[in-house]
Amino acid sequence: MTKDFGRPPLAAANQELVERRLREIRDAGGVQETLRIEWRGKPIQVEVIDMPVESLYYNPGTHRIRAQRSHDPVRDRGLDEDAFSVESQEYLHHLLRALPSDPSKRDPDFDALLESLRDFKQNEPGLITRDGILVNGNTRRAALKDLVEPNIRVGVLPSSCTWDDINRVELALQLRKDHRRDYSYINRLLAIEEQLSLGRTHADIAREFRTTARACEQDQWILTTLRDLVERSRTGGAQLRLLDFEDHQEKLKELHRRWVKESASSQEKADLMKESRLTAIILGFSKTDVRLIEPDFKSRYLDTRLPEAVRSQVPVAPATTVAIPGLNRTVRAADPKVAEARALTDSVLRVKAVEAAGENAPLEQVAEAAKTITAVKAAVEEALEPAGKDARVRKRKQAAPDRIVDACHDLEQCVTDLVLSRASRSLDEEIFDEAVLKLRDSLGKLAVEAARSIKEPGDGVTWLLDATHKEERA
């Protein structure tokens, strides 16, 4: 159920003004401007009117700045207590103009919208309830307010509108693929989570969000992981926020894909890789750097390079066993290496939280946190160098086998093409014969290089050498 924020102070006055202006445009006759929306599962046209910019209210439940509300916990609580107070509406005004990844900074995209409205005026109408709450066009209203424009064009929702309707209509309008500014990454994750909490299936949500059910499942996994990181970062009065991960979208998606692939063969290796990559993501390493981190990264490359002060804070987890109730037996618990990797990630999360707290944390703690982050980042950067070299070596080792596998796929497709051509009598036999001769020459060259490179050939290479030798003797 969507949160009910109640009615704003000017609700009655706005209702009266809306009704009066709707009557005016109906009495005027002629062609009237309308806006097409999805209303309770059906498309409808709503009438468009002009409304005073200062009379309207920002939607406190808008998905556009849901994650950013945590930027100021005090004002965030004020929004929940009285969403339409002057202070709450000023906070929403600030967030709508702010950079999603860092609300302390102004968003260049907002400035671009401001200039567009200054030069070309308003192209598309917004959308309001009859109480004057903006369902769509919150950011445009913020820009028009900064430009001191007196009016904004808005469509008007039916009088039976509820907060559930506001939520659904806003999502439907935002997810249209047009010129609108997209939701930030974290706000999109929160919007999907909200739909799941309402009992909707991944398939239904995927259709509405113009994506796939698999992508929705990935988004759910990522948001769960981020919430876990936020909780693990808590130290004293400092804690990271979801919006602190706003710029890591592609790295998180790639992490999920690799975790799923690794989990199919070993859950412990998957978790080791996950924790090590999360450490690198938190420290701000690039996607290409994070990609170099394998399950053995910490034990093979990083542990010996970590500063002693950091290593001493990461406890060495002993190997433990877990009793199976009723069977009088024990099994080995999770790999202690995973616990150690998780402890390192926790340590980095906590110092990042202190650093992000800035003025809200003691100066000496902030300085110590910055020093620790610099030391750990330098250790990870140093460890990435040999990890990258080994990855390039592995890639070279796998290149030749991978090419043969690709060639096998092409030959299997060729078999299918031959069957189809026989049925339609469309095969050019001369060209096919030339291609087979070229294949013979290529296999001969492959056999020569394989004999030079492989000292103890297995069954496959032995067959290749025998086959080419028989061809030469013939």
Side-chain angles (χ1 to χ4, degrees), residues 189 193 214-235 239-240 242 244-245 248-306 310-324 330-353 376-377 379-381 383-384 386-388 390-391 394:
L189 296 183
E193 180 190 52
R214 182 175 295 179
C216 286
E217 291 170 3
Q218 181 187 70
D219 289 338
Q220 189 179 12
W221 183 92
I222 289 173
L223 184 57
T224 300
T225 299
L226 294 183
R227 288 194 187 283
D228 179 52
L229 293 179
V230 168
E231 186 59 34
R232 289 161 60 184
S233 72
R234 188 190 302 274
T235 174
Q239 187 176 22
L240 291 176
L242 286 175
D244 292 318
F245 300 92
H248 301 309
Q249 175 177 352
E250 293 305 319
K251 286 178 273 189
L252 291 167
K253 286 183 175 181
E254 194 164 295
L255 169 63
H256 173 260
R257 288 193 293 269
R258 181 60 195 280
W259 181 84
V260 170
K261 183 178 179 181
E262 201 71 50
S263 296
S265 58
S266 171
Q267 187 63 52
E268 290 177 354
K269 286 186 177 180
D271 290 338
L272 276 171
M273 180 275 303
K274 174 187 171 185
E275 291 298 330
S276 294
R277 288 198 178 192
L278 285 173
T279 297
I281 290 172
I282 296 161
L283 291 170
F285 282 91
S286 68
K287 184 169 69 172
T288 52
D289 284 337
V290 173
R291 197 177 288 155
L292 296 173
I293 296 176
E294 298 291 333
D296 62 352
F297 176 78
K298 181 178 179 294
S299 60
R300 188 173 181 181
Y301 306 107
L302 182 58
D303 280 347
T304 57
R305 293 174 169 85
L306 282 173
V310 175
R311 282 205 303 269
S312 62
Q313 295 176 11
V314 179
V316 177
T320 58
T321 58
V322 177
I324 302 177
T330 60
V331 294
R332 189 170 67 88
D335 191 335
K337 291 181 180 179
V338 176
E340 292 174 20
R342 185 179 174 89
L344 176 61
T345 307
D346 290 347
S347 177
V348 174
L349 281 167
R350 287 191 288 267
V351 293
K352 282 293 286 185
V376 176
K377 192 168 185 177
V380 174
E381 196 165 359
L384 283 169
D390 287 353
R394 283 195 300 270

Query raised in the report: What is the minimum heavy-atom distance between Glu275 and Ala341, and which atoms define it?
Result: CB-CB, 3.8 Å
Query raised in the report: Does any non-hydrogen side-chain atom of Val380 lie less than 4.5 Å from one of Val376?
Result: yes
Report task. Identify the heavy atoms of Leu292 and Ala387 that sit nearest to each other, and give their distance. Result -> O-CB, 4.3 Å
Query - Distance in Å, Arg232 CZ paired with Thr225 OG1, rounded so as to fall on 0.5 Å steps - result: 9.5 Å
Query raised in the report: Are any of the side-chain heavy atoms of Lys298 and Leu272 separated by less than 4.5 Å?
Result: no
Query raised in the report: Do Asp346 and Leu349 touch side chain to side chain, with heavy atoms closer than 4.5 Å?
Result: yes
Requested in this report: For residues Arg305 and Ala379, report the shortest heavy-atom separation together with the two atoms involved.
Outcome: O-CB, 3.3 Å
Query raised in the report: Hey, does Gln218 have a side-chain heavy atom less than 4.5 Å from the side chain of Arg257?
Result: yes
Query raised in the report: Which atoms form the tightest heavy-atom contact between Leu255 and Lys274, and what is the distance?
Result: CD1-CA, 3.8 Å
Query raised in the report: Taking the side chain as C-beta and beyond, is there a heavy-atom pair between Leu344 and Val310 under 4.5 Å?
Result: yes
Query - ring-ring contact (aromatic ring centres under 6.0 Å, His included) contacts in which one or both residues fall within residues 257-286, not counting sequence neighbours - result: Trp221-Trp259
**Report entry** Rounded distance [0.5 Å steps], NZ in Lys352 versus CG in Leu229
**Finding:** 13.0 Å
**Report entry** Euclidean distance, Asp219 CG relative to Leu252 CG, rounded to 0.5 Å
**Finding:** 10.5 Å
Query raised in the report: So, for Arg291 and Arg277, which heavy atoms are closest and what is the spacing to 0.1 Å?
Result: O-NH2, 3.2 Å
Query raised in the report: How many angstroms lie between NE2 in His256 and CD1 in Ile222, if you round to the nearest 0.5 Å?
Result: 7.0 Å
Requested in this report: Decide salt bridge (charged side-chain N to carboxylate O under 4.0 Å, His left out) for Arg342 and Asp228; before the verdict, give the C-alpha distance in whole Å, the side-chain angles of both, and the deciding distance to 0.1 Å.
Outcome: CA-CA 12 Å; Arg342 185 179 174 89; Asp228 179 52; 3.8 Å; yes
Query raised in the report: Are Asp390 and Arg300 close enough for a salt bridge, meaning some N to O gap below 4.0 Å?
Result: yes
Query raised in the report: Salt bridge check: are Glu254 and Arg258 linked by an N-O gap of less than 4.0 Å?
Result: no
Report task. State the CD-CG distance between Glu381 and Asp289, to the nearest 0.5 angstrom. Result -> 7.5 Å
**Report entry** Nearest non-hydrogen partners of Ser233 and Leu240, listed with the distance
**Finding:** OG-N, 2.9 Å
Report summary line: Partner of Glu294 under side chain to side chain contact (heavy atoms under 4.5 Å, CB included), picked from Met273, Arg394, Lys269, is Arg394
Query raised in the report: Between Arg311 and Glu340, is there a salt bridge with N-O shorter than 4.0 Å?
Result: no
Query raised in the report: What distance separates Leu384 CG from Phe297 CZ, expressed to the nearest 0.5 Å?
Result: 4.0 Å
